[in-house]
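We use all heavy atoms of the structure for the numbers below, so side chains are in, but hydrogens, waters and symmetry mates are not. When a ligand or atom number is given, it counts from 1 through the structure's own listing order.
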Amino acid sequence: MALIVQKYGGTSVGTPERIANVAQRVAKFKMLGHQVVVVVSAMSGETNRLVALAKEVQPNPDSREMDVLLSTGEQVTIALLSMALMELGLKARSYTGSQVKIVTDNAHTKARILDIEEQNIRADLDAGYVVVVAGFQGVDEKGNITTLGRGGSDTTGVALAAALKADECQIYTDVDGVYTTDPRVVPEARRLKTITFEEMLEMASLGSKVLQIRSVEFAGKYKVKLRVLSSFDDEGEGTLITFEEEDNMEQAIISGIAFNRDEAKITVLGVPDRPGIAYQILGPVGEANIDVDMIIQNVGADGTTDFTFTVHRNEFKKALEVLKGVQSHIGAREISGDDRIAKVSVIGVGMRSHAGIASTMFRTLAEEGINIQMISTSEIKISVVIDEKYMELAVRVLHKAFGLEQGA
Ligand code: ASP
Ligand code: MG
């Protein structure tokens with residue numbers, strides 16, 4: 001007998017028929033003698049509908065009330081799924097986040113889980129119930145309803161699996177696993193049987209939307225065995241997220257190509273090349289709560305240097321304004337920006353032990369005449385910033401150059 005946490009996303013519970021299908025799958029695991037905890041998202045489109053509704057009433061919605069509103073989406077699905085399970089003759093019981101007591105901090109709309117009281121769930125499981133828990137929500141120490149950020153049901157699933165020391169956390173979604181890259185861009189993309197946590201973390205933070213990034217961090221930290229599967233396919237084994245030390249010699253060098261268009265680039269030209277200049281430029285940006293991703297400073301010549309960095313595209317205008325405000329103070333000759341850029345990254349833990357990945361990447365891009373504007377590297381990733389209009393081409397040629405396609 002195993003204890004399994006299954007999380008179903010919005011499309012998997014998008015209609016009453018689909019909810020009935022989920023109940024069937026849960027029943028199958030129950031019949032095999034397992035204990036099952038199910039975490040569900042709101043029905044597809046519901047959270048967006050609620051967000052839009054709120055904005056019609058209050059253009060900049062109060063965040064506490066937003067959480068009260070958004071948490072209703074998941075409350076609907078836990079009740080419906082419990083009913084569907086009962087229809088199959090199973091014992092089932094639903095819990096909202098605050099009923100479980102998924103305790104979070106009080107950062108409304110992006111709260112973090114601090115603690116989970118798992119005694120009630122355990123007692124129900126021992127009494128033969130399927131326990132159905134609302135994803136994405138918790139409660140702060142004062143009893144206020146909180147939510148965990150968009151996509152947060154993944155994190156609920158993983159956190160519950162960690163708290164219950166579950167044997168496996170299965171994330172059911174509308175794709176059948178994690179791919180070498182987005183199949184919409186590269187039809188030859190291949191499903192990965194396994195991927196390491198670190199790689200998955202990079203994939204998630206670089207734009208792959210399969211799992212909420214925080215859930216991956218959580219799973220890595222608490223060593224939760226995590227699997228991504230399709231809820232529309234009964235046969236597939238999905239993708240297992242593994243820990244590197246368990247891995248064998250067959251570890252691929254490169255696991256995937258990630259990309260995103262969410263960034264914009266800002267260049268500060270002709271600043272004095274002296275100690276403190278990076279701080280003078282990025283200090284005000286940080287104070288405005290704008291996250292900076294890649295940073296490049298040129299080697300100084302004739303006493304001045306240039307400084308380039310990227311921010312989220314939504315914060316591009318704000319970052320430009322902040323810098324224009326301090327331009328004369330920092331003594332910059334010019335400040336310019338470009339929000340038509342894209343970031344493309346090659347990811348793989350095998351890079352640690354293989355040289356030449358960067359040169360293959362750069363040669364491949366050069367052969368297509370794609371200019372690299374910025375480069376950043378880590379132990380398991382190389383990212384480049386390029387003109388947005390070459391993004392798909394870059395992803396395709398890199399996918400091929402690293403032999404990631406099906407049957408390769
Ligand atoms: N319903 C929430 C959302 O759409 C949480 C989730 O689905 O994970 O973001
Ligand atoms: Mg989701």
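Checking each of N260, D293, D262 against K343 for a side-chain hydrogen bond (donor to acceptor under 3.5 Å, both in side chains) leaves exactly one that passes, namely D293.
Contact between Q212 and ligand 1 is absent, with no heavy atom of the residue lying under 4.0 Å from the ligand. At least one heavy atom of G151 sits closer than 4.0 Å to an atom of ligand 1. For G152, the heavy-atom gap to ligand 1 drops under 4.0 angstrom.
Defined by atom type and a distance below 3.5 Å, a donor-acceptor pair is present between the side-chain atoms of S153 and S41. For the residue pair Q137 and T147, no side-chain donor N or O sits within less than 3.5 Å of a side-chain acceptor on the partner. Using modelled atom types and a 3.5 Å distance limit, the side chains of R112 and N106 yield no donor-acceptor pair.
Residue pairs meeting the salt bridge (Lys or Arg N to Asp or Glu O under 4.0 Å) criterion with at least one partner in residues 307-324, sequence neighbours excluded, are R313-E388.
If you number the atoms of ligand 1 from 1 as listed, the ones under 4.0 Å from a heavy atom of S41 come out as 6 (C), 7 (O), 8 (O). Those atoms of ligand 1 that come under 4.0 Å of a heavy atom in R150, given as number and element, are 3 (C), 4 (O), 9 (O). Near F136, the atoms of ligand 1 lying under 4.0 angstrom from a non-hydrogen atom of the residue are 2 (C), 5 (C). With ligand atoms numbered from 1 in the order given, ligand 1 contributes 5 (C), 6 (C), 7 (O), 8 (O) to contacts under 4.0 Å with heavy atoms of S153.
Not a single N or O atom of K7, backbone or side chain, sits closer than 3.5 Å to an N or O atom of ligand 1. Between D154 and ligand 1, no pair of N/O atoms sits closer than 3.5 Å.
Ion pair E217/R214 not flagged as a salt bridge, since none of the NZ, NE, NH1 or NH2 atoms sits closer than 4.0 Å to an Asp/Glu carboxylate oxygen.
At most 12 heavy atoms of other shown residues, nucleotides or ligands fall within 6.0 angstrom of atom NZ in K165.
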